[in-house]
Amino acid sequence: MPELPEVETIRVALDPLLVGRTVVDAEAHPSAKFASAPAALGSTITGVRRRGKYLLADLRTPDDTAAELVVHLGMTGQLRPDLAPDGPHVRAWWQMDDGATLVFRDIRRFGRIAVVAAGDHRSLPTLAALGPEPFSDAFTPDGLWRALARSTTRVKTQLLGQRVVAGVGNIYADEALWRAGIAPATRRVGRDRATRLHGAVRDALAVGLANGGTTLRDYRTVSGEPGRNQSALACYGRGGLPCARCGAVLRRSVVDGRGTTSCPRCQH
DNA sequence: GGCTGGCCCTGTACGC
DNA sequence: TGCGTACAGGGCCAGC
């Protein structure tokens with residue numbers, strides 16, 4: 001499930017392959033989630049950015065206007081130049097003027113593709129309302145505390161909601177809450193705990209980024225390699241195993257419908 | 001306006 | 001071996 005570290009790893013690899021290239025052919029699955037991919041036809045890619053879990057390719061269209069190709073990888077999405085466009089689970093592809101073809105493969109079809117006018121994210125409400133980037137100056141301990149205090153929703157669900165901070169999914173939410181010593185179902189987070197959580201979010205994401213992302217099943221880098229962060233996880237997916245901090249058995253539970261692992265002793 | 005829960009989607013694991 | 005069922009979960013939306 002690609003979260004910020006996985007999407008950023010993909011972005012870094014795609015940037016040199018795509019910037020300066022013009023899309024000369026494209027095709028998409030008829031589903032409304034993917035059907036607008038060919039709208040990038042004729043456009044030149046001028047940059048590849050990331051916002052939260054969204055990849056944004058800046059486009060200069062044939063009539064010289066600015067647009068964006070927005071890609072969300074969902075749970076099983078991959079962007080690969082080494083896959084055949086007619087292969088299984090391919091939902092879209094774009095052929096570039098250098099002959100390379102970027103293929104979007106998405107087994108479960110939870111991904112999404114949109115071509116929009118630059119900055120016009122009205123058709124993507126989560127992107128439009130995205131919170132601060134976790135490594136930006138806009139993400140502060142005080143801002144996180146205030147954002148969390150505005151709601152009584154469980155802290156893990158708030159992290160997953162993308163509004164208090166962008167780019168955190170189920171894996172890194174569990175990891176960050178474990179690092180901060182906060183129980184995932186907590187509804188009230190005070191200033192001190194928000195400060196701990198702020199650092200923990202950054203730390204968990206930074207480790208994931210340094211390891212090229214977490215591969216549990218489907219995530220692959222642009223070159224098809226798995227990430228290396230799965231062996232660095234302290235909490236997510238380790239239910240039934242001892243907590244690396246206190247030795248208690250990590251507990252598997254469901255928080256607002258999401259599978260969750262936490263330590264019953266050191267996460268309060 | 002905030003919150004909750006259901007839906008989408010398909011491969012895998014598991015029980016019978 | 002084959003079938004049916006549960007489960008995984010990010011984003012969106014309807015309903016309260």
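The chains referred to below are lettered A, B, ... by the order of the sequence lines, with proteins before strands, and numbering in each begins at 1. Heavy atoms only: backbone and side chains are in, while hydrogens, waters and symmetry mates are out.
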Report, one pair per line, the protein and nucleotides 7-9 of chain B atoms (nitrogen or oxygen only) whose separation is under 3.5 Å.
from: dC9(B); atom 1: O3'; to: Arg109(A); atom 2: NE; distance (Å): 3.4

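The distance from atom NE2 of His121(A) to atom C1' of dG11(C) is 16 Å, rounded to the nearest whole Å. In this structure, the CG atom of Leu73(A) is 17 Å from the C1' atom of dA8(C), given to the nearest Å. The distance from atom CD of Glu3(A) to atom C1' of dG10(C) is 10 Å, rounded to the nearest whole Å. Atom C1' of nucleotide dG10(C) and atom CG of Leu159(A) are separated by 14 Å, given to the nearest angstrom. Straight-line distance from the CD atom of Gln158(A) to the C1' atom of dG10(C): 17 Å, rounded to whole Å. Computed from coordinates, the Arg154(A) CZ to dG2(B) P distance equals 18 Å when rounded to whole Å.
Atoms CD1 and CG, from Ile171(A) and Leu4(A) in turn, are 12.5 Å apart once rounded to the nearest 0.5 Å. Taken to the nearest 0.5 Å, the CD atom of Gln267(A) stands 6.5 Å off from the CZ atom of Arg245(A).
Using bins of under 30°, 30° to 60° and over 60° for the plane-to-plane angle, the ring pair Phe104(A)/Phe34(A) lands in the tilted bin.
With a 4.5 Å cut-off on side-chain heavy atoms, Asp58(A) and Arg49(A) count as touching. Between Gln158(A) and Arg163(A), every side-chain heavy-atom pair lies at or beyond the 4.5 Å cut-off.
Nucleic acid contact for Arg163(A): none, since no nucleic acid atom lies under 4.0 Å from a heavy atom of the residue. Counting non-hydrogen atoms under 4.0 angstrom, Thr157(A) reaches nothing in the nucleic acid. Across all strands shown, Tyr172(A) has no heavy atoms under 4.0 Å from either base or sugar-phosphate atoms.
Side-chain proximity of Pro125(A) to dC13(C), dG10(C), dC3(B): nearest is dC13(C). Looking at the side chain of Arg187(A), the nearest of the listed nucleotides dT4(B), dG11(B), dG11(C) is dT4(B). Taking the side chain of Met75(A) as heavy atoms from C-beta on, and the options dT10(B), dG11(C), dG10(C), the nearest nucleotide is dG10(C).
Dashed line: the shortest gap from a side-chain N or O of Ser151(A) to OP1 or OP2 of dC3(B) is under 4.0 Å. Considering only side-chain N and O atoms, His72(A) lies under 4.0 angstrom from the phosphate OP1 or OP2 of dG11(C).
Of the residues near DNA chain B, Asp256(A) and His89(A), the one whose nearest nucleotide (by heavy atom distance) lies more toward the 5' end is Asp256(A).
Between the side chains of Thr61(A) and Asp63(A), at least one donor N or O sits under 3.5 Å from an acceptor N or O. The closest side-chain donor-acceptor pair between Tyr172(A) and Glu6(A) falls under 3.5 angstrom.
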